[in-house]
Protein chains: 2
Amino acid sequence: MALFSSYPERMSTPGRGLHGHVLESLGPSITAGEYPPGSVLRTDELAQRFEVSRSVMREAVRVLESMHLVESRRRVGVTVLPTDRWNVYDPQVIRWRLAGADRPRQLRSLTVLRCAVEPVAAGLAAKYATAEQCAELTECALGMVANSRGHRLEGYLFHDVAFHRIILNASGNEMFARLGDVVAEVLTGRTHHQVMFEDPAPEAVTLHVQVAEAVRAGDTVRAESLTREIVLGALEELDVLSPEP
Amino acid sequence: MALFSSYPERMSTPGRGLHGHVLESLGPSITAGEYPPGSVLRTDELAQRFEVSRSVMREAVRVLESMHLVESRRRVGVTVLPTDRWNVYDPQVIRWRLAGADRPRQLRSLTVLRCAVEPVAAGLAAKYATAEQCAELTECALGMVANSRGHRLEGYLFHDVAFHRIILNASGNEMFARLGDVVAEVLTGRTHHQVMFEDPAPEAVTLHVQVAEAVRAGDTVRAESLTREIVLGALEELDVLSPEP
DNA sequence: GCCATCAAAAAGTCAGACTTATATGTCACA
DNA sequence: TGTGACATATAAGTCTGACTTTTTGATGGC
């Protein structure tokens with residue numbers, strides 16, 4: 001099926017090279033709060049701990065610095081920055097945080113972001129989606145229907161992710177399009193790490209089909225409000241499992 | 001005035017260190033499309049061009065790689081990635097792109113993002129804003145009023161940026177809060193690089209005052225719809241100057 | 001108590017040698 | 001002529017050690 005060839009599985013970038021390996025270990029530690037803000041690390045010490053040369057360690061620190069997770073200053077060391085400085089939109093940071101302890105809070109703030117963005121994106125998609133995108137969209141919706149019963153969660157997830165990706169891409173807005181990875185992480189996290197014994201809610205499935213129809217019909221306001229229902233439903237579902245105002 | 005002490009002027013991080021200086025030159029070149037996607041650079045050659053050691057150049061490349069602007073592969077070199085791979089939410093990438101040639105398109109996609117996010121953020125702010133945040137908000141609104149006539153653009157801009165930052169922070173959502181820098185860049189760009197001979201539109205000023213009121217009153221739907229008016233107005237204004245559907 | 005000066009500490013920079021992966025070309029064989 | 005194994009060259013990756021620069025904090029004189 002050529003339609004999905006545009007979604008290669010390059011979602012996660014495993015630590016290539018020594019510096020990547022170090023990052024994959026040190027990054028999650030920091031985002032998990034293992035080193036509280038203000039903690040000071042020393043490059044040399046880290047290099048010894050990870051058994052790599054200083055050059056490699058310096059490269060890793062540079063990357064962490066570009067994510068604003070740490071700040072490197074002369075005569076002081078590598079200081080861990082407070083959370084509100086972090087580049088929380090960096091896909092790698094998102095992945096690290098979703099893998100950590102405060103996954104629920106993370107999942108929630110990302111879902112609230114979805115609530116804001118996806119309805120607007122769907123409205124734009126109804127305006128600008130190509131015929132091919134409309135076809136892909138309905139195909140995904142049908143795929144969701146086909147996998148909506150009988151505990152076929154993986155198949156459902158696959159089409160769900162693809163569906164939302166297409167919406168975000170079809171909006172024609174680059175900033176929206178780049179949130180496709182974020183949505184994918186959220187949906188995957190929800191499916192894999194939550195109690196999901198039951199099949200997906202039938203209403204949600206129906207809504208997806210209707211969104212696909214609305215987009216094809218060019219009905220912007222309907223596409224927007226239907227998508228809002230979908231994503232508000234997801235938020236509600238999240239609040240049921242881990243309630244916090 | 002202690003209210004604004006929480007908004008230090010650390011918005012732009014000038015290239016500290018040699019590697020930062022290289023980045024500040026090479027980054028914009030790439031985002032400007034000077035090296036088309038697929039172009040191959042060699043670390044050694046770059047090091048020579050910028051007259052730095054390879055260690056420094058490698059650190060710079062690592063940072064560009066973490067932004068997904070380039071990809072470094074053995075035996076090949078440093079390949080420039082296509083636009084749809086870039087981390088377009090990275091504040092540094094945003095700044096580089098806003099400084100480049102396709103500023104208008106960039107400004108527009110960011111404003112569309114604002115249209116999606118800020119109304120929702122304002123709604124949440126009406127729910128969760130502290131008394132102090134409400135006070136700061138009205139103060140900013142008054143500051144905008146005070147600078148709305150007589151070509152006092154800088155003063156107006158200052159309070160405008162602060163206003164939207166407070167809204168985004170008061171929403172209580174981390175992802176929204178981190179868009180404060182983006183909004184600041186957009187507003188600054190609009191003021192400094194567009195034909196802005198005239199004073200800001202009186203309706204916009206009024207709307208800001210009303211939003212501050214709505215937030216203080218805890219009127220979520222009113223805060224949301226008023227903010228939507230503000231930001232849709234900004235989008236309209238943008239389309240008037242550089243019309244593209 | 002305050003300011004200038006100094007020394008130590010840690011990051012920053014550089015140069016050179018070496019290792020490793022890999023794209024590509026070569027050649028034998030089918 | 002096409003195909004597979006093999007060799008080679010290339011550019012990134014890694015390590016090491018020496019040196020420089022900035023900045024903190026301590027020391028000491030006023």
Side-chain angles (χ1 to χ4, degrees), chain A residues 8 10 12-27 29-30 35-82 85 92, chain B residues 8 10 12-27 29-30 35-82 85 92:
Chain A
R10 54 160 160 73
S12 59
T13 307
R16 285 199 317 200
L18 275 187
H19 105 282
H21 191 259
V22 169
L23 271 179
E24 221 52 48
S25 165
L26 188 53
S29 295
I30 294 175
Y35 306 93
S39 306
V40 176
L41 312 169
R42 265 158 302 146
T43 307
D44 292 21
E45 184 192 308
L46 290 173
Q48 280 188 13
R49 170 132 54 98
F50 290 100
E51 295 177 308
V52 294
S53 69
R54 292 194 312 277
S55 344
V56 168
M57 201 48 186
R58 285 181 53 77
E59 289 173 25
V61 168
R62 281 279 171 270
V63 173
L64 292 175
E65 203 174 18
S66 87
M67 295 168 173
H68 287 90
L69 294 183
V70 303
E71 191 178 50
S72 180
R73 279 169 56 199
R74 268 179 159 132
R75 168 57 209 222
V76 173
V78 178
T79 314
V80 177
L81 293 176
R85 296 285 310 273
Q92 199 153 30
Chain B
R10 54 161 160 73
S12 58
T13 308
R16 287 200 313 200
L18 276 188
H19 105 281
H21 191 259
V22 169
L23 272 179
E24 221 51 50
S25 166
L26 188 53
S29 296
I30 294 175
Y35 306 92
S39 306
V40 175
L41 312 170
R42 265 156 303 148
T43 307
D44 293 22
E45 184 192 306
L46 290 172
Q48 279 187 15
R49 169 134 52 100
F50 289 100
E51 296 177 307
V52 294
S53 68
R54 279 173 312 154
S55 337
V56 169
M57 199 54 198
R58 284 180 55 76
E59 289 172 25
V61 168
R62 280 279 170 271
V63 173
L64 292 176
E65 202 174 18
S66 87
M67 296 167 172
H68 288 90
L69 295 184
V70 303
E71 192 179 48
S72 180
R73 280 168 57 198
R74 269 183 158 132
R75 169 60 208 238
V76 174
V78 178
T79 314
V80 177
L81 293 177
R85 294 286 308 275
Q92 201 153 29

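Chain A is the first sequence line, chain B the second, and so forth, proteins listed ahead of strands; every chain is numbered from 1.
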Could you tell me how far apart A:Glu51 (CD) and D:dT14 (P) are, to the nearest whole angstrom? 15 Å
A:Ser72 side chain, from C-beta outward: closest of C:dT22, C:dA11, D:dG13: C:dA11
Determine whether the side chains of B:Ser55 and A:Ser55 contain a donor N or O and an acceptor N or O closer than 3.5 Å. no
Pick the nucleotide of DNA chain D nearest each of B:Val76 and A:Gly17; which residue has the one closer to the 5' end? B:Val76
Taking N and O atoms by type only, does the side chain of A:Arg42 place a donor or acceptor under 3.5 Å from a partner on the base of C:dA9? no
Below 4.0 Å: OP1/OP2 of C:dG12 and any side-chain N or O of B:Ser55: no
Rounding to an integer number of Å, can you tell me how far B:Met57 CE sits from D:dA12 C1'? 13 Å
In this structure, how many angstroms lie between the C1' atom of D:dC15 and the CZ atom of A:Phe50, rounded? 18 Å
Should A:Arg58 be listed as having a side-chain N or O under 4.0 Å from OP1 or OP2 of C:dG12? yes
Partners meeting side-chain contact (heavy atoms from CB on, under 4.5 Å) with A:Val40 (sequence neighbours left out): A:Thr79
For a quick test of reading the model: is some side-chain N or O of B:Arg73 closer than 4.0 Å to OP1 or OP2 of D:dG13? no
Without decimals, in angstroms, what is the distance between A:Asp44 CG and C:dT13 C1'? 14 Å
Hey, is the side chain of A:Arg74 pairing donor to acceptor with the base of D:dT21 inside 3.5 Å? yes
Below 4.0 Å: OP1/OP2 of D:dA12 and any side-chain N or O of B:Thr43: yes
Any side-chain N or O of B:Arg54 less than 4.0 Å from the OP1 or OP2 oxygen of D:dA12? no
